[in-house]
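Chain naming here is simple, since letters A, B, ... match the order of the sequence lines and numbering starts at 1 in each.
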Number of protein chains: 2
Amino acid sequence: MTEQPAQTTTAGDPATARGEQTRQLIRDTAMRLFRERGYAQTTMRAIAQEAGVAVGNAYYYFGSKDHLIQEFYAQSQVEHRAAAQPVLDREEAFGPRLAGVLHAGIDVLTPSHGFAATFFKTAAEPTSPLSPFSAESSGPRQAAIDLFGEVLTGSTAKVDAELRPQLPELLWLAYMGVILYWVHDRSPGQTKTRQLIDGAVPLIDRLVVLSRLRVLRPVTRQVLDLIRTLRH
Amino acid sequence: MTEQPAQTTTAGDPATARGEQTRQLIRDTAMRLFRERGYAQTTMRAIAQEAGVAVGNAYYYFGSKDHLIQEFYAQSQVEHRAAAQPVLDREEAFGPRLAGVLHAGIDVLTPSHGFAATFFKTAAEPTSPLSPFSAESSGPRQAAIDLFGEVLTGSTAKVDAELRPQLPELLWLAYMGVILYWVHDRSPGQTKTRQLIDGAVPLIDRLVVLSRLRVLRPVTRQVLDLIRTLRH
DNA sequence: GTCGGTAGTTGAACACGTTCAAGAAGGGCG
DNA sequence: CGCCCTTCTTGAACGTGTTCAACTACCGAC
């Protein structure tokens with residue numbers, strides 16, 4: 001309905017633009033304040049003041065307060081990738097690889113649990129460019145899906161040929177589910193989310209293995225057909 | 001309807017309080033404007049003006065603009081229950097009962113797809129009393145879970161004894177998943193959501209039946225243990 | 001050097017959700 | 001009726017995210 005005007009995101013533009021320093025300053029200040037005070041308690045005026053710029057200047061670089069969240073996403077995704085590297089180097093079996101990558105994701109997010117939880121609502125809004133399903137966040141999303149592709153590629157697991165191309169996205173979807181649980185997880189240290197990962201991974205592992213069985217072939221195909229249909 | 005018997009003891013019954021009329025007026029006006037203009041485009045000032053009251057008066061009855069959404073939830077739940085009745089009367093098999101109740105839920109929500117989608121973000125915030133998992137919405141939630149209990153109770157399906165007590169809540173969770181998909185569903189008439197229901201129900205049906213197999217007993221138990229652990 | 005255009009920066013102004021001190025309306029009781 | 005207490009109602013005022021017309025800094029062209 002209400003189409004946003006084309007945002008000058010400077011996709012492949014030179015990062016040497018004059019304002020790049022200011023952009024990073026504002027972003028870093030915002031991230032710090034989000035962590036210190038939480039998302040709702042951090043006002044745009046406070047961000048601007050702490051960064052030593054005018055309020056409007058922040059809006060020159062970031063379309064809205066919500067857009068600062070997307071910056072957080074991108075940053076988290078990069079950290080997740082880095083944190084997952086040792087696991088991908090070390091493990092060979094599918095299960096441990098998946099578990100390791102999932103745990104790495106939660107590891108990265110844990111310091112931000114307090115404020116991440118409060119802003120994940122914005123991510124759930126379908127019309128928002130912040131939705132993990134939106135076109136605007138297709139960059140970080142694809143990177144995340146690729147990460148789960150690596151979980152698969154490097155593993156010794158044998159996967160049904162038809163399932164294989166769909167699996168990375170399905171694993172990413174499972175990861176989204178883990179995050180949804182984590183966001184609501186009030187157990188100390190979010191230990192329950194850890195239990196969810198450790199409990200769900202063997203089940204997923206078994207499911208992937210079972211999908212190759214001839215007896216279950218019709219079901220596998222049925223599921224895959226449904227998924228293909230539902231894809232946007 | 002407007003006539004009421006002599007009210008002698010108004011001990012703890014706020015339903016007969018003086019302002020009940022005003023409360024309903026504000027609620028109905030808000031619902032109408034939400035449908036007409038969408039959630040974000042409907043201001044509290046507009047609601048108050050259309051209802052012919054002061055802004056602060058709306059806040060006397062509803063703690064915030066978001067709280068008006070909860071009113072929408074409760075109303076939708078009641079309509080869902082009513083719309084599901086014919087299905088529960090007619091169908092006996094588990095699959096058709098489940099499919100019918102799921103379709104009934106979407107039927108009820110369909111007229112509000114435009115604005116429901118934009119406010120579902122608020123429901124996703126864990127700290128908000130509007131979260132479907134929160135204590136504040138335990139009333140409508142329990143009613144919804146009970147509805148899926150009826151899907152099971154009235155059916156001819158034989159369910160694993162250990163799974164049975166967990167199943168209503170699991171089905172409700174699946175329903176939440178359907179709604180999450182529906183919210184993001186941009187296909188005309190949300191036909192894809194209908195396909196999701198029709199595709200997923202047979203799978204759930206088969207899964208429930210399979211859970212009784214001796215071979216799968218360990219897996220069933222493993223899943224149930226995990227679920228019990230993760231429960232809040 | 002200075003001119004002109006782009007990139008960057010400013011802060012007052014706007015609309016919104018929300019709060020709150022003050023008042024009005026009702027009803028029980030003498 | 002007059003009094004008091006609770007329930008309800010008011011609208012100005014506050015802090016917020018966001019916008020925008022005006023302004024400044026920079027840089028290449030001549």
Side-chain angles (χ1 to χ4, degrees), chain A residues 2 4-10 13-27 29-30 33-34 37-71 118-119 121-122 125 128-130, chain B residues 4 6-27 29-30 33-34 37-71 118-119 121-122 125 128-130:
Chain A
T2 52
Q4 299 281 345
Q7 199 73 16
T8 59
T9 38
T10 68
D13 290 23
T16 56
R18 265 195 285 145
E20 190 59 22
Q21 265 191 7
T22 312
R23 186 193 176 86
Q24 284 180 23
L25 174 61
I26 292 170
R27 191 197 59 191
T29 307
L33 291 183
F34 284 168
R37 316 178 181 178
Y39 180 69
Q41 283 70 39
T42 302
T43 69
M44 290 301 281
R45 285 168 178 80
I47 294 172
Q49 188 176 341
E50 288 270 316
V53 298
V55 196
N57 201 4
Y59 281 91
Y60 181 78
Y61 292 102
F62 304 96
S64 71
K65 189 182 175 186
D66 285 355
H67 276 75
L68 282 164
I69 293 177
Q70 208 154 25
E71 215 66 16
T118 65
F119 77 51
K121 64 161 182 180
T122 324
E125 187 181 21
S128 159
L130 288 160
Chain B
Q4 39 187 316
Q7 45 174 14
T8 51
T9 61
T10 61
D13 192 359
T16 55
R18 268 192 282 142
E20 190 58 23
Q21 266 191 6
T22 312
R23 183 193 178 88
Q24 283 179 23
L25 174 62
I26 292 170
R27 191 197 57 190
T29 307
L33 291 183
F34 284 168
R37 316 179 181 178
Y39 180 69
Q41 283 70 39
T42 302
T43 69
M44 290 300 283
R45 286 169 176 81
I47 294 172
Q49 188 176 343
E50 287 271 316
V53 299
V55 195
N57 200 202
Y59 281 91
Y60 181 78
Y61 292 102
F62 304 96
S64 72
K65 190 181 175 186
D66 286 354
H67 276 75
L68 282 164
I69 293 177
Q70 209 154 25
E71 216 66 17
T118 66
F119 79 51
K121 63 161 183 177
T122 323
E125 186 181 23
S128 159
L130 288 161

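- With contacts defined as side-chain heavy-atom distances shorter than 4.5 Å, the pair B:Tyr61/B:Arg27 does not qualify.
- Between A:Gln21 atom CD and C:dT9 atom C1' there is a gap of 15 Å when expressed in whole angstrom units.
- Interface remark: the A:Arg45 side chain does not form any donor-acceptor pair with the D:dG15 base, using a distance-only criterion of under 3.5 Å.
- The nucleotide whose nearest atom lies closest to any side-chain atom of B:Met44 is, among C:dG17, D:dT18, C:dT10, C:dG17.
- Taking side-chain N and O atoms only, A:Tyr61 has a distance below 4.0 Å to OP1 or OP2 of C:dT9.
- Contact annotation: A:Tyr60 reaches the phosphate of C:dG8 (side-chain N/O to OP1 or OP2, under 4.0 Å).
- One can place CZ of A:Phe62 at 13 Å from P of D:dT18, the figure rounded to the nearest angstrom.
- If you take CD of A:Gln49 and P of C:dT9, they are 18 Å apart, rounded to a whole angstrom.
- Counting non-hydrogen atoms under 4.0 angstrom, A:Val53 reaches the backbone sugars and phosphates but no base.
- Comparing B:Val55 and A:Thr43 by the nucleotide of DNA chain D whose heavy atom lies nearest to each, the residue mapping closer to the 5' end is B:Val55.
- Side-chain N/O atoms of B:Tyr59 include one lying less than 4.0 angstrom from OP1 or OP2 on C:dT18.
- The phosphate of D:dT9 has OP1 or OP2 within less than 4.0 Å of a side-chain N or O from B:Thr22.
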**Asked** Which is it for B:Phe34 and B:Leu68 under the side-chain contact (heavy atoms from CB on, under 4.5 Å) test, yes or no, and what are the steps along the way?
**Response** CA-CA 10 Å; B:Phe34 284 168; B:Leu68 282 164; 4.1 Å; yes
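- Residue-environment remark: CD (A:Gln49) stays at or below the threshold of 12 foreign heavy atoms within 6.0 Å.
- The 5' end of DNA chain C is approached more closely, in terms of each residue's nearest nucleotide, by A:Gly56 than by the other of A:Gly56 and B:Asn57.
- Candidate nucleotides D:dG17, C:dG17, D:dT10 were compared by shortest atom distance to the side chain of B:Lys65, and C:dG17 ranks first.
- To the nearest 0.5 Å, atoms CD1 (B:Ile47) and CZ (B:Arg37) are separated by 9.0 Å.
- Here the P atom of nucleotide D:dG17 and the CD1 atom of A:Ile69 are 12 Å apart, to the nearest Å.
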**Asked** Going through the distances and angles, do B:Phe62 and B:Arg23 end up as a side-chain contact (heavy atoms from CB on, under 4.5 Å)?
**Response** CA-CA 9 Å; B:Phe62 304 96; B:Arg23 183 193 178 88; 4.0 Å; yes
